[in-house]
Amino acid sequence: MSKRISVNAFDMTCVDHQSFGLWRHPRSRATEYNTLEYWTNLARLLEKGKFDALFLADVVGIYDIYRNSAAPAVRDGAQVPVNDPFMQVSAMAAVTEHLGFGVTSAVTYEQPYTLARKFATLDHLTRGRVGFNVVTSYLPSAAENQGLPRQIEHDQRYEIAEEFLDVCYKLWEGSWEDDAVVKDRESGVYADPTKVHPIRHAGEHFTVPGAGLTEPSPQRTPLIFQAGASSRGQAFAGRHAEAVFIGGTRPDLTRYMTDKIREQAQAQGRDPEDVKIYAMLSVVVADTDEEAAEKYRDYLQYVDLEASQAIIGGWSGVDLSQFPEDEALNYIKTDSIQSFLTPFTLQAKDKRWTREEIAKHCALGGMGAVIVGSPSTVAEELERWVDEGGLDGINLAYHVSPGSFEDFVEYVVPELQARGRYRTEYEGSTLRESLYGAGQDRVMDTHPAAAYRGAFADACSVATASSR
């Protein structure tokens, strides 16, 4: 039986996310990103299309490496201004029943005690439909504006993230026992204090002695997303991620990455298929291949190559303005997204990628490939990407919002459903059930978070000891 193709919508609380300059297109309503109506209407559309989730990216810095200036990014609205991605989730949850929400947070600049509360709160308010996209941040400007003298070294950021999640797992899974909340009106006891436990965490980066602030939410641990394709990122994904987000330039290169990630999961004692892997792609679809090609050419008229290079500067840590436009780029290791330049340099066997070519490639659809065609053409290409690339699905980036998502729901979803490759009904009520099936609303037993189930039951409780 062919694997179901899972689809998340990929968006960000900004004007220009992965297609730069396209906010000017007549079909685009992305300039309404700072209104609740924009997000609630999008959520209704995505649930109509049986999407698994809306995946919300985020950054906490400005792209200012290109030409040593923030001006190109600011001028085009390229991922700036950018709002907090947590704020619209409750409103979207209120108008939907099944759609999940993957929310990005940079753990390098957060504290686990308070962020664990934020995600648990959303898990309650969404009735178990929230996911946590764990990122370590890659922009030097983010580090500087958080009071650091420089960006923390790439692999060290992952070490911080390892401990960060360990603290969160203790708070989510172990601090409150399943039956701690009794809601006994007659006795006046809301929660049994003997079943609420301090976690007594004292580590290299974090000290969290006390009990969690929130009672157990529907999923306890939100679904763990992760986006990182470096060797250290793959190891992190193999241990923690339930869903991994990678770039997609070619299915064969994608397959190499998916195999590596699944090998890492297996080495951690997990079932490799428990890690659901998504590539970022975008789609231009119309009734016929010719009409889709015309729509694609129309979109190309609006691209902003300066903004594209500004974003690439942040992703790669490399200022492309230092190279001639026709000079082929070589791999440069930085403390930004170390895997970004790999497909254009180390893995580029059949194409000479210049600064100009990379800018053009990323201007419409970002790091991912663009699929153009009729519903049948697009569906066949998506099937090829999933089957040859070893994927579970895609993170669908938009060119114009909500137009790109409207087109996908109208044209591609029915075609995939007719091929038996797309859901016709949601499998459960939580985000985790959407990925793993009805009844699987908690992390798998092999996931590291599961080790903290009941871990503190025999230790002291808030009834017997102070957390201080």
Task: Side-chain donor-acceptor contact under 3.5 Å, D392 with S6 - done: no
Task: Plane angle bin for Y398 and H17 - parallel if under 30°, tilted between 30 and 60°, otherwise perpendicular - done: tilted
Task: Contacts of type salt bridge (charged side-chain N to carboxylate O under 4.0 Å, His left out), residue D259, not counting sequence neighbours - done: R255
Task: E153 and R157 ion-paired at < 4.0 Å - done: no
TODO: Supply the atom-to-atom distance T104 OG1 to F225 CZ, rounded to the nearest 0.5 angstrom.
DONE: 9.0 Å
Open item on the list: Testing the 3.5 Å rule here: is there a donor-acceptor pair between the side chains of H447 and D274?
Closed with: no
TODO: Please round to the nearest 0.5 Å and tell me the distance separating atom CG of L281 and atom CD1 of I371.
DONE: 5.0 Å
Task: R27 with D298: basic N within carboxylate O range, under 4.0 Å - done: no
Task: Aromatic plane relationship, Y169 with H240 - under 30° parallel, 30 to 60° tilted, over 60° perpendicular - done: tilted
Open item on the list: Would you call the rings of F245 and F10 parallel, tilted or perpendicular, taking 30° and 60° as the class edges?
Closed with: perpendicular
Open item on the list: Within this structure, what is the CD1-OH distance for the pair I311 and Y66, rounded to the nearest 0.5 Å?
Closed with: 12.5 Å
Open item on the list: Ignoring hydrogens, what is the shortest heavy-atom contact between P85 and T13? Give both atom names and the distance.
Closed with: CA-CG2, 3.9 Å
Task: Ion pair E383/R421, N-O distance below 4.0 Å - done: yes
Task: Between SG on residue C362 and CZ on residue F20, distance to nearest 0.5 Å - done: 7.5 Å
Open item on the list: Using modelled atom types and a 3.5 Å cut-off, is there a donor and acceptor pairing between side-chain atoms of N133 and backbone atoms of G102?
Closed with: no
TODO: Assess whether side-chain contact (heavy atoms from CB on, under 4.5 Å) is satisfied between E263 and Q234, documenting all intermediate values.
DONE: CA-CA 9 Å; E263 288 171 8; Q234 291 173 34; over 6 Å; no
Open item on the list: Under the criterion side-chain contact (heavy atoms from CB on, under 4.5 Å), I'd like the reasoning laid out for V275 against R270: C-alpha separation, chi angles, the key distance, then a yes or no.
Closed with: CA-CA 9 Å; V275 181; R270 302 173 65 195; 3.9 Å; yes
Task: Side-chain donor/acceptor of W23 to backbone N/O of S28, under 3.5 Å - done: no
- [ ] May I ask you to decide if the ring planes of F51 and F408 are parallel, tilted or perpendicular, using 30° and 60° as cut-offs?
- [x] perpendicular
Open item on the list: So that I can tick it off, tell me whether R423 and E427 are bridged by a salt bridge, with the cut-off set at under 4.0 angstrom between side-chain N and carboxylate O.
Closed with: yes
Open item on the list: Less than 4.0 angstrom from a charged side-chain N to a carboxylate O is my criterion; do D441 and R220 meet it?
Closed with: no
- [ ] May I ask you to say whether K295 pairs ionically with E291, meaning some side-chain N is under 4.0 Å from a carboxylate O?
- [x] no
TODO: Report yes if the side chains of S404 and V283 come closer than 4.5 Å at any heavy-atom pair, otherwise no.
DONE: no
Task: Quiz item: cation-pi between K118 and F86, 6.0 Å / 45° - done: yes
TODO: Answer yes or no: is there an ion pair linking R129 with E97, defined by an N-O contact shorter than 4.0 Å?
DONE: no
Please tabulate, for the side chains in residues 55-65, all donor-acceptor contacts under 3.5 angstrom to protein atoms that are two or more places apart in sequence or on a different chain.
from, atom 1, to, atom 2, distance (Å)
Y63, OH, Q79, OE1, 2.7
Y63, OH, Y138, OH, 2.6

Task: Electrostatic pair D123:R432 at N-O distance under 4.0 angstrom - done: no
- [ ] Could you tell me whether R239 and E162 have a side-chain N and a carboxylate O separated by less than 4.0 Å?
- [x] yes
Task: Check: R419/S376 side-chain N/O donor and acceptor closer than 3.5 Å - done: yes
